[in-house]
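All values below were derived from every heavy atom in this structure, side-chain atoms included, with hydrogens, water molecules and symmetry-related copies excluded.
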Amino acid sequence: MTALTLSTAAASGLRADAIVVGVAKGAASKSGGLVVAPGAEAVDKAYDGKLAAVLETLGASGGEGEVTKLPAPSGFKAPVVLAVGLGPVPEKDETYDAEALRRAAGVAARTLAGAKKAAFALPVEDSGDAGAIAEGALLGAYSFDAYKESAQDGKAPLAEIALLGAKPRDKAFKAAVERALAVTEELNRARDLVNTPPNDLTPEAFAAVASAAAKEHGIKVQVLDEKALVKGGFGGILGVGAGSEAPPRLVKLSYTSSKADKHLAFVGKGITYDSGGISLKPAGHNETMKCDMAGAAAVFAAVVAAARLGLKVNVTGWLALAENMPSGSATRPGDVLRMYSGKTVEVLNTDAEGRLVLADAIAKASEETPDAIVDVATLTGAMMLALGNRTFGIMANDDAFRTSIHEVAEEVGEPSWPMPLPSDLRKGMDSATADIANMGERMGGGLVAGLFLQEFVGEGITWAHLDIAGPAFNEGGASGYTPKGGTGSAVRTLVRLAERTADGDLG
Ligand code: BES
Ligand code: MN
Ligand code: ZN
């Protein structure tokens, strides 16, 4: 992974491949021109104060995501200045917002793939800004090359970043950068897991990765294999995994802090490949279904990050891992499963498998009566139709908790939106044979899935469900700090939720 250090060096003397500066779009009321953002004063001075003018001649506008390269001024050790657009200049008395800094840093780091070292001279007002730039840069530098003979386009990720304008000896700055390093390293690992092809990332392989990481970071780990799942009565997880040669797993990760007085449980959908099962998905709908374990990857990353940050909150992660395949041993549409909770479910569509594995894990997680359960899942195509490819839906059995999660997501730069759980949709899941069917009305399919899960939440436990089907996997081009493929959706929201719970900021 890319290394990052805080530096007090002057931009001119730094031995680097490039100096990154920020540029912004001036307010329309002014000349409308390009503005060089704070942090780049020394660079601008070396161009005789004409950096903005030069960049404008080159066609730069300061718009978000824009990059312009130009030769560094004479006397600089670095050969190139890379100007990255920050979007509009902040209002009077305001500073660049964290998300603008994250995105610009991400774009710069990605553009500099192939380079050894870059110095970032972006606007840093406080430690929060340094953290945001570090986070954006380390996420933007990511690329997944494990299955290629040589790195993407022959360019290895940017190896080293010096963050200028920060205070390397200041406690808050150090902490902000350490936090960014821990969170991004775990988030990038979640991306790796999502990108790993499903012939390699079986439930067993995923459980092994989780076990190794947990041991490394002092997290207690327990893996239930197929025998233990039978013994425990996990009919949902077993039913979904029944058609696969690769048996299912339920992984429990327990991070505990001696200073905790709250306990969060995170539950992740971990379908390592979703073929649809006997209700097979048609071609055109199954090519990216290795991403169906993105919820479990996010939960895994968040628990490890919480441990690395030493948060004063107990966090239990549950990874419900199975492969959904058709075969002679697969669950059929019409089969009834006896779930861990004791409820029976008539499986009407084997492609509605996520809710089955989650239901067992949620029921199991409920036994410890955590203060809240949050499940994360690439659960429904319906949520993608509703909210698009970048926004996840939040459902909950508690209005205040749903609002809190929405705010936390907003704070970390993850687009999300609150969704309802209309009780009239419950009757669509009535089954003639079992307690409930795994499918209901087509309209509002994302909410139907949420209502199904709600039935498996323990009495009186606060619960929220994040449907990340849209943002988990980016089939389009990279943008900001978001790469193609696995994105690490929901990791930063979960980590921030744990931090705020530890700080007592949430109920
Ligand atoms: N994993 C899919 C949902 C999904 C679709 C995630 C596209 C990411 C991209 C899920 O298991 C599924 O197949 N859901 C069905 C449910 C339906 C059969 C009730 C769906 O949304 O079509
Ligand atoms: Mn499915
Ligand atoms: Zn699925």
Side-chain angles (χ1 to χ4, degrees), residues 1-4 65 102-103 105-116 118 134-161 180-203 205-210 212-213 268-274 286-302 304-305 319 321 323 376 378 389-390 413-414 468-492:
M1 200 171 119
T2 309
L4 185 139
R102 264 184 226 116
R103 290 191 189 175
V107 169
R110 180 152 31 78
T111 308
L112 289 166
K116 288 261 172 319
E135 194 173 293
L138 294 168
L139 293 177
Y142 174 87
S143 85
F144 183 70
D145 305 316
Y147 289 80
K148 286 179 184 278
E149 195 175 343
S150 62
Q152 209 82 35
D153 311 318
K155 289 176 177 174
L158 172 61
E160 194 187 338
I161 295 170
L181 282 166
V183 172
T184 58
E185 207 169 295
E186 297 314 321
L187 190 151
N188 283 337
R189 180 153 50 184
R191 290 172 170 178
D192 280 347
L193 286 167
V194 172
N195 291 329
T196 300
N199 53 335
D200 280 347
L201 194 80
T202 58
F206 194 154
V209 172
K269 170 178 174 182
I271 301 300
T272 57
Y273 184 70
D274 182 12
N286 54 22
E287 295 83 352
T288 59
M289 277 304 133
K290 65 175 182 182
C291 82
D292 215 19
M293 34 56 70
V299 165
F300 166 51
V304 177
L319 318 181
L321 309 174
E323 187 182 39
V376 187
T378 46
N389 283 328
R390 298 208 174 169
E414 293 206 275
I468 61 167
F473 197 81
N474 178 16
E475 291 188 59
S479 73
Y481 51 87
T482 306
K484 271 177 98 72
T487 61
S489 177
V491 172
R492 291 177 303 129

All heavy atoms of T202 vs all of N199, minimum pair found to be CG2-O, 4.2 Å
Output for pair (I271 CD1, T378 OG1), nearest 0.5 Å, gives 8.0 Å
Side chain of E414, backbone of A490: donor and acceptor closer than 3.5 Å? yes
Heavy atoms of E186 and A305 approach each other most closely as CG-N, 4.0 Å
Discussion item. Cation-pi check for Y142 against R191: NZ or CZ below 6.0 Å from the six-membered ring centre and within 45 degrees of the axis, yes or no?
Written reply: yes
d(L187 CG, S489 OG) to nearest 0.5 Å is 9.0 Å
**Asked** Hey, are the side chains of C291 and E475 touching, using non-hydrogen atoms and a 4.5 Å cut-off?
**Response** no
Looking only at heavy atoms, the pair that brings T184 and A180 closest together is OG1-O, 2.7 Å
(request) Spell out, as yes or no, whether a donor-acceptor pair under 3.5 Å connects the side chain of T2 to the backbone of L138. (result) no
When every non-hydrogen atom of D145 is compared with those of P157, the smallest separation belongs to OD2-CD, 4.3 Å
Does any non-hydrogen side-chain atom of K290 lie less than 4.5 Å from one of V194?
no
In short, T272 meets P198 closest at the heavy-atom pair O-CB, 3.5 Å
Of all heavy-atom pairs linking A297 and A190, the shortest is O-CB, 3.6 Å
Practice problem: Determine whether more than 12 heavy atoms belonging to other residues, nucleotides or ligands lie under 6.0 Å from atom CD of E287. | Solution: yes
dist K269:NZ -> M293:CE (nearest 0.5 Å) comes out at 11.5 Å
- Task: Please answer whether the main-chain N or O of P483 pairs with a side-chain N or O of N474 as donor and acceptor at a distance below 3.5 Å.
- Result: yes
Q) Any donor and acceptor pair, going by atom type alone, linking the side chain of T487 with main-chain N or O of P471 inside 3.5 Å? A) yes
NZ of K155 to CG of L112, rounded to nearest 0.5 Å, is 9.5 Å
Between F206 and L319, is any pair of side-chain heavy atoms under 4.5 Å apart? yes
Value for CG (L321) from CG (L201), rounded to nearest 0.5 Å, stands at 8.5 Å
N195 and Y147: CA distance, side-chain angles, deciding distance, side-chain hydrogen bond (donor to acceptor under 3.5 Å, both in side chains) verdict:
CA-CA 10 Å; N195 291 329; Y147 289 80; over 6 Å; no
- Query: Quick one: does R103's side chain have a donor or acceptor within less than 3.5 Å of a partner on T482's backbone?
  - Reply: no
- Query: Yes or no on salt bridge (Lys or Arg N to Asp or Glu O under 4.0 Å) for E135 and R492, after CA distance, side-chain angles and deciding distance?
  - Reply: CA-CA 10 Å; E135 194 173 293; R492 291 177 303 129; 3.0 Å; yes
Original post:
With side chains defined as the heavy atoms from C-beta onward, is the minimum distance between F300 and V209 less than 4.5 Å?
Top reply: yes
Taken to the nearest 0.5 Å, the spacing of N188 CG from S143 OG works out to 10.0 Å
